Amino acid sequence: MNVQDQAWLEEQQRVERVHSVITSRIATLEQEVGSVRGDVVEMRKDFWDEVTVNFSEADDVGETSTSLRQQSQVLSEREKSHQHASAALGKMRKLKQSPYFGRIDFAEEGDAPEAIYLGIASLLEDDGEHFLIYDWRAPISNLYYDSVPGPASYQTPSGRIEGTMSLKRQFVIRDSRLRVMFDTGVTIGDELLQEVLGRSSDAQMKSIVATIQSEQNMIIRNDKTRMLIVQGAAGSGKTSAALQRVAYLLYKHRGSLTADQMLLFSPNPMFNSYVSTVLPELGEENMLQTTFQEYLEHRIGREVQLEDPFIQIEYVLSNSTDADYAARVEGIQYKSSVHFLEAVNRYKQLLEREQMLFKPLRFQGKEVVSAAAIAKAFYAFDPSIRLANRCELLKEWLLKELAAFGKQEQKEPWVEEQIQLLDKEEYQRSFQRMRRKQGRRGDSFNDYEEEKTILAKMIISDRMKPLRRWVKALRFVDVNRLYRQLFQKPELMAALSPEPLPKEWEDISRLTLQKMENGELFYEDATPYLYLREVLLGFRSNPSIRHVIIDEAQDYSPFQLHFLKRLFPRARFTALGDLNQAIYAHASVLQGTTTLKELYGEEDSESITLLRSYRSTRQIVDFTRAMIPGGDQIIPFNREGELPVVKLVSNLEDLHRQLVLKIGHLRGEGYETIAVICKTVEESEQAFAALAAELPVKLIKKTTLSFEKGIHIIPAYLAKGVEFDAVLIYNGSNNVYTREEERKLFYTACTRAMHLLHIYSLGEPSRFVKEAGEQLYRM
């Protein structure tokens with residue numbers, strides 16, 4: 001038996017021993033979980049039998065309270081025990097499937113080498129002292145990701161440990177059997193990556209802890225930077241690394257950081273489903289997830305109808321011949337800029353002195369307080385008081401005015417009429433109020449006038465409740481008119497803007513006002529509108545969020561990033577993106593990363609660039625990188641495949657026939673996720689209508705909540721962040737993809753393919769295909 005065979009045998013024997021320990025732990029934990037669950041169920045069922053309830057005397061009330069508290073504490077402790085045991089059981093079951101993936105032999109200076117095995121969770125020997133498996137996030141695990149056999153060191157909370165690494169070994173273990181084993185150098189070996197990347201894509205993103213590369217490890221373990229900027233090529237593992245980063249931070253700061261203090265902004269609802277299993281795979285709870293549009297809807301969706309970013313991009317992609325197209329695009333760019341943000345801040349400073357607009361208080365057609373009177377009271381406050389605080393003072397003044405008005409209104413005839421119409425239940429309610437107020441114990445009103453006064457107060461109070469709520473919500477500040485004022489007065493905006501206004505400002509203003517008159521806001525107006533409301537009424541920041549991850553950061557405007565910074569004042573940010581996939585009309589915040597670094601300054605910002613693409617075969621990466629400026633810097637992973645295919649079709653009927661044939665062939669070859677990627681929603685609906693009769697296709701919309709295996713028809717801008725075994729571009733002709741603004745959209749669509757890319761073209765192929773070079777594809 002040679003040395004390699006002996007090493008394999010020894011490693012297999014260790015796998016079997018560890019598997020035995022895990023199986024034993026699972027049996028123990030299952031018994032514990034079942035027992036504790038039974039205790040919790042019984043305690044809940046018998047809760048009140050164990051509590052002494054007596055409210056007759058003050059001492060008895062205290063005894064009852066103590067009994068309740070004690071029983072609740074016992075129940076809470078048992079529930080926590082159940083949760084802890086259930087979590088431990090979940091980790092053991094995951095370890096049983098694949099207990100570890102790596103080994104390093106490391107000797108501290110002056111000590112003998114120790115074999116360190118790495119997995120998704122720690123596992124101790126039965127003695128509770130020696131590790132069978134170290135968690136991949138433990139400090140010593142850094143050696144596996146970043147070091148080469150030879151002199152090596154790693155950082156711990158107590159200092160740096162120096163020593164020598166004599167071995168770095170990788171495994172693939174499935175169901176207690178050693179399937180792959182090899183020794184490697186500084187990077188995670190290509191053999192393991194080939195094994196992982198050669199599989200079919202899945203309905204959900206998977207953990208990458210076994211294949212984390214050195215540059216990805218820098219992202220994961222960065223714990224000092226306030227703003228971490230990750231610019232990465234398509235398929236470079238940006239999102240995967242960011243999610244492992246979340247798991248690492250939860251592990252490192254497990255005493256002070258929880259999953260509900262971390263927030264992921266996703267590009268669309270479907271993406272939330274796609275990444276939802278990564279953290280649970282690692283034994284961590286999922287963090288909070290939302291989209292920026294969902295946040296905007298939550299905050300101002302009741303006040304105005306919001307356009308979403310997908311409607312905006314549909315307009316930009318489909319309406320270039322529209323008479324207002326140039327004005328709309330220029331408006332998007334300006335309203336998304338730092339210049340417009342500065343103009344809004346200057347506007348707020350102006351409003352502190354003049355031009356605040358208010359809504360009058362009206363009750364049943366009567367004007368309680370006029371808008372002019374509110375403005376006069378507002379500017380009568382000390383001008384040194386912050387604008388938002390003045391609005392709070394104004395609220396208190398208005399509530400007093402409202403109370404005085406209500407007192408006078410009790411004498412009005414309509415109140416007497418309402419008293420006569422009260423039913424028995426309402427009379428009883430008023431009687432109970434009077435009794436509580438005066439401490440009476442009689443069974444009826446003793447005084448007719450007193451009864452009438454109480455009933456009148458009750459009627460006025462009930463009728464004025466919505467108005468009081470309206471005042472308490474500061475709705476008397478006319479934010480809508482204040483925002484419109486920016487577009488109604490060109491001389492006002494010219495004075496506020498730090499830069500000359502756009503050439504199309506008159507048309508930009510007209511389009512904006514038309515939209516607002518219909519109770520709607522363009523997507524590019526939503527953030528500035530909310531920002532203005534916040535600076536006027538008081539910013540609703542969220543200090544409980546400690547880490548914010550922004551995926552597809554290139555799709556965020558500078559204005560939006562500044563807003564998020566103010567919204568989460570205590571958070572550290574991780575911004576992930578690819579400038580080559582910046583498909584929106586506004587300037588990308590990843591352009592030179594200057595905007596992102598300006599948020600916290602150079603000293604608190606760090607930028608990491610990922611140039612190696614792992615998703616696609618070498619042939620697909622060579623083809624797609626040739627389409628974009630600077631694409632020669634992208635490094636394809638050495639996984640071989642077929643050249644991309646460009647297929648000319650004569651008409652739509654021919655296109656649909658060939659798609660049906662190709663998809664049928666791909667399904668027969670075992671391709672599990674196939675995407676027909678279209679440019680727009682209209683094109684997607686056209687493809688779906690043609691293919692649905694013959695294939696089990698799924699039409700992906702902006703409202704689609706889950707990503708599943710199968711045949712998908714999807715607009716290119718919704719495919720961001722996900723990947724497919726095979727991608728078929730629905731119509732990659734020069735008629736569809738020809739403007740320079742469409743280059744990155746076409747690149748985004750093509751880079752979704754893992755193993756196979758076919759581009760169908762109704763007529764001449766897109767110039768982006770031709771520019772890539774004929775040697776990189778076949779017809």
Side-chain angles (χ1 to χ4, degrees), residues 187-188 190 192-208 210-217 219-220 230-244 266-267 271 274-275 278 551-555 576-583 590 608-628 630-644 671 673-675 677 707 712 714 716-727 729 743-757 759 772 776:
T187 59
I188 307 307
D190 281 0
L192 184 56
L193 271 170
Q194 290 278 11
E195 196 271 340
V196 172
L197 297 173
R199 302 176 198 156
S200 293
S201 75
D202 212 327
Q204 287 164 319
M205 184 177 285
K206 296 299 182 185
S207 161
I208 61 163
T211 57
I212 291 169
Q213 304 297 289
S214 179
E215 66 272 19
Q216 293 168 333
N217 197 42
I219 297 166
I220 292 166
V230 182
Q231 157 68 38
S236 57
K238 300 181 294 293
T239 303
S240 296
L243 293 171
Q244 316 299 317
S266 302
F271 187 80
Y274 183 60
V275 301
V278 174
D551 206 355
E552 305 295 347
Q554 75 279 354
D555 294 338
L576 319 161
D578 178 9
L579 184 58
N580 292 312
Q581 296 181 62
I583 60 175
L590 281 179
I608 297 174
T609 301
L610 302 178
L611 294 173
R612 186 176 293 274
S613 179
Y614 299 98
R615 174 186 296 138
S616 308
T617 61
R618 180 180 61 78
Q619 286 76 9
I620 293 173
V621 175
D622 283 343
F623 173 69
T624 54
R625 69 177 180 163
M627 293 180 191
I628 52 172
D632 56 330
Q633 295 181 32
I634 298 172
I635 305 165
F637 178 70
N638 194 26
R639 182 164 63 86
E640 295 298 318
E642 299 178 17
L643 282 172
Y671 287 81
T673 59
I674 303 167
I677 300 185
F707 181 75
H712 301 81
I714 184 170
Y717 54 81
L718 284 181
K720 281 192 168 193
V722 294
E723 57 192 23
F724 305 91
D725 292 333
V727 165
I729 303 296
R743 180 185 295 275
K744 292 178 179 179
L745 185 72
F746 190 67
Y747 171 80
T748 299
C750 294
T751 55
R752 301 306 94 198
M754 291 178 65
H755 309 299
L756 180 141
L757 173 63
I759 300 168
L776 298 178

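Because the structure is a prediction, the values reported are computed rather than measured. Because only heavy atoms are used, hydrogens play no part in the values below, and waters and symmetry mates are left out as well, while side chains stay in.
- Between the side chain of Gln231 and the backbone N or O of Leu579 there is at least one donor-acceptor pair closer than 3.5 Å.
- For Lys238, there are no salt bridge (Lys or Arg N to Asp or Glu O under 4.0 Å) partners, not counting sequence neighbours.
- Taking the side chain as every heavy atom from C-beta outward, Val275 and Asp551 never approach each other to under 4.5 Å.
- From Tyr747, atom OH reaches atom CG of Asn580 across 5.0 Å, with rounding to the nearest 0.5 Å.
- Under the side chain to side chain contact (heavy atoms under 4.5 Å, CB included) rule, Ile677 has a single partner from Ile729, Leu745, Thr748, which is Ile729.
- The salt bridge (Lys or Arg N to Asp or Glu O under 4.0 Å) test applied to Arg743 returns Glu740, Glu771, not counting sequence neighbours.
- Not one N or O on the side chain of Ser236 forms a donor-acceptor pair closer than 3.5 Å with the backbone of Leu611.
- Classified by interplanar angle (parallel below 30°, tilted 30° to 60°, perpendicular above 60°), the ring pair Phe637/Tyr614 is tilted.
- Tested against Gln619 for a side chain to side chain donor-acceptor pair (under 3.5 Å), the candidates Arg639, Glu642, Glu640 yield a single pass: Glu640.
- Between Ile674 and Phe724, the shortest heavy-atom contact is C-CD2, 4.4 Å.
- Side-chain contact check for Arg752 versus His712: every heavy-atom pair is 4.5 Å or farther apart.
- A distance-only check finds no donor-acceptor pair linking the side chain of Ser616 to the backbone of Val621 [under 3.5 Å].
- Distance check, rounded to the nearest 0.5 Å: CD of Glu215 to CD1 of Ile220 gives 10.0 Å.
- Scanning both residues, Leu757 and Ala753, for their nearest heavy atoms gives CB-CB, 4.1 Å.
- Residues Leu756 and Ile620 come closest through the heavy atom pair N-CD1, 3.8 Å.
- Residues Pro636 and Asp622 share a closest heavy-atom pair of CG-OD1, 3.7 Å.
- Smallest separation of non-hydrogen atoms from Ser613 and Ala234: OG-O, 2.7 Å.
- Side chains of Thr751 and Asp578 form no contact here, defined as non-hydrogen atoms less than 4.5 Å apart.
- In this structure, Met627 and Cys750 have side chains that are in contact, with non-hydrogen atoms separated by less than 4.5 Å.
- For the pair Gln213/Arg612, no side-chain contact is recorded, criterion being any heavy-atom separation below 4.5 Å from C-beta on.
- Counting heavy atoms from C-beta outward, Gln244 and Val278 have side chains that approach closer than 4.5 Å.
- In terms of heavy atoms, Lys720 sits closest to Asp555 at NZ-OD2, 2.7 Å.
- Residues Phe623 and Ile759 have side chains in contact (heavy-atom distance under 4.5 Å, counting atoms from C-beta outward).
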